[in-house]
There are 2 protein chains.
Amino acid sequence: MKNTHDHHICQSKALQHINEQCRKKNIRLTPIRQQVFDEILQSHKAIKAYDILQNMSTPGEMVKPPTVYRAIDFLLEHGFIHKIESLNAFIACYHEHNKDCFQLLICDECGTVSEQINNKISHEMKLLSEKENFTLQHPIIELHGTCFQCNTTGTKS
Amino acid sequence: MKNTHDHHICQSKALQHINEQCRKKNIRLTPIRQQVFDEILQSHKAIKAYDILQNMSTPGEMVKPPTVYRAIDFLLEHGFIHKIESLNAFIACYHEHNKDCFQLLICDECGTVSEQINNKISHEMKLLSEKENFTLQHPIIELHGTCFQCNTTGTKS
DNA sequence: TGATGTTATGTTATAATATAACATTTGTTT
DNA sequence: AAACAAATGTTATATTATAACATAACATCA
Ligand SMILES: [Zn+2]
Ligand SMILES: [Zn+2]
Ligand SMILES: [Zn+2]
Ligand SMILES: [Zn+2]
């Protein structure tokens, strides 16, 4: 169940991007924040706060919730990661976008999450908002279903 | 901060709809389920499970979480209410739609939630999914921002 | 430099949201 | 009535997230 692309390239690009941005915006990518970002970056699947917590903990030194949640808040605030509201989980952002509208395709079989930036959809969201005299600030689009891989290699008989 | 329409009409329509559907589908709208639905129906704002719990409890008889969550599950399953993932809260459905794509406009100022059924958006969601070979099962669209009322009567100087 | 303010982290406790597991009751079917 | 299925009651606990306050690290500049 291998992805069609080399995920290491995504990862190194994302790492490069976060480092650049932090330098540029003069915000601090501290060791804790890096560690948390690395954990989120390791997978195309969404990861949960308490899993990050687990991964960062050692028998001797247990990381505590606020440590992770604060780093998550930082990363969210600057758009380096996204929260998936319907899973209470997080993914790294592999695109470079501002506060734009993005769409998440979430496979409920394998957990893979794919981020899309579809301008047509962004536009339609704006149109709907305008029609309703609504000032759109933060669109959330989470599409649950089954990915191509899971559809074809399906374990369901 | 009055709504432009008579919300009582929405409510009685929704009540009529749920009763009809339960008869038609031969599913049971038990007293507990009705009570929970009524609580959710009382407001255009989203309501949280533990608020429903509170509202249904009396000093003598405290309702317990599973009671409410089970009723919520029933109501969700049959489409009488929707969950707002980004708020961990629930609203009654005032439309009559199947498993369609619907959009929620959520005002972060006043908490009002407005459900929209926009066919253009539904269509674009299908197109995106097809393009990505993704089998769309459950789209979640939650648009956060500021409603017309709050924009015009804004308390922000 | 070192006094001062700001940002980040450590620590403890607890709030808020949700479910597991099993017992009992109620409703339905035969 | 017996048997089964669906709904509710009950206890306990899992999961997700934040409040509040103490300490440490870093930045600014007198
Ligand atoms: Zn992104
Ligand atoms: Zn999949
Ligand atoms: Zn609806
Ligand atoms: Zn509003």
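Sequence lines set the chain letters: A, B, ... in the order given, protein chains first and strands last, and positions in each chain run from 1. The figures that follow rest on heavy atoms only: side chains count, while hydrogens, waters and symmetry mates do not.
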It should be established whether [X] places a side-chain nitrogen or oxygen under 4.0 Å from OP1 or OP2 of nucleotide [N].
X: B:Y69; N: C:dA18; result: yes
X: B:K64; N: D:dG9; result: no
X: A:K48; N: D:dT15; result: no

Rounding to a whole Å, what distance do you find between [X]:[atom1] and [N]:[atom2]?
X: B:I84; N: C:dT17; atom1: CD1; atom2: P; result: 13 Å
X: A:D73; N: D:dT16; atom1: CG; atom2: C1'; result: 13 Å
X: A:R70; N: C:dG10; atom1: CZ; atom2: C1'; result: 7 Å
X: A:K83; N: D:dT16; atom1: NZ; atom2: P; result: 10 Å
X: B:I47; N: C:dT17; atom1: CD1; atom2: P; result: 12 Å
X: A:N88; N: D:dT16; atom1: CG; atom2: C1'; result: 6 Å
X: B:I27; N: C:dT28; atom1: CD1; atom2: P; result: 14 Å
X: A:L29; N: C:dT9; atom1: CG; atom2: C1'; result: 15 Å

- Message: Quick check: on DNA chain D, is the nucleotide nearest B:P65 upstream (toward 5') of the one nearest A:F90, or the reverse? Name the residue that is more 5'.
- Response: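 Closest to the 5' end, via its nearest nucleotide, is B:P65.
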
- Query: Is the backbone of B:L15 close enough, under 3.5 Å, to the side chain of B:N19 for a donor and an acceptor to pair up by distance?
  - Reply: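 Yes, B:N19 side chain to B:L15 backbone: donor-acceptor pair under 3.5 Å.
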
- Message: With a 3.5 Å distance limit and no angle check, can you tell me whether A:E61 reaches the backbone of A:S57 through a side-chain donor-acceptor pair?
- Response: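 Judged by distance alone, no pair lies under 3.5 Å.
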
- Item | Enclosure of B:H123 NE2 (heavy-atom neighbours >12, cutoff 6.0 Å) |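 Not buried by this count: 12 neighbours or fewer within 6.0 Å.
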
- Task: On the 0 to 90° scale, with breaks at 30° and 60°, tag the A:H78-A:F80 ring pair as parallel, tilted or perpendicular.
- Result: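 Parallel.
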
- Message: If I take atom CG from residue A:N133 and atom SG from residue B:C150, how far apart are they, to the nearest 0.5 angstrom?
- Response: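 SG of B:C150 is found 12.5 Å from CG of A:N133.
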
- Heavy atoms under 4.0 Å, any strand shown: does B:R28 hit a base, just sugar-phosphate, or nothing?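 Since only primed, P, OP1 and OP2 atoms lie under 4.0 Å of B:R28, the category is sugar-phosphate.
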
- Item | N/O donor-acceptor pair, side chain A:Y50 with base D:dA14, under 3.5 angstrom |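 Counting by modelled atom types and ignoring angles, no donor-acceptor contact under 3.5 Å is found here.
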
- Whichever of B:P66 and A:T67 has its nearest DNA chain C nucleotide further upstream toward 5':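 Result: A:T67.
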
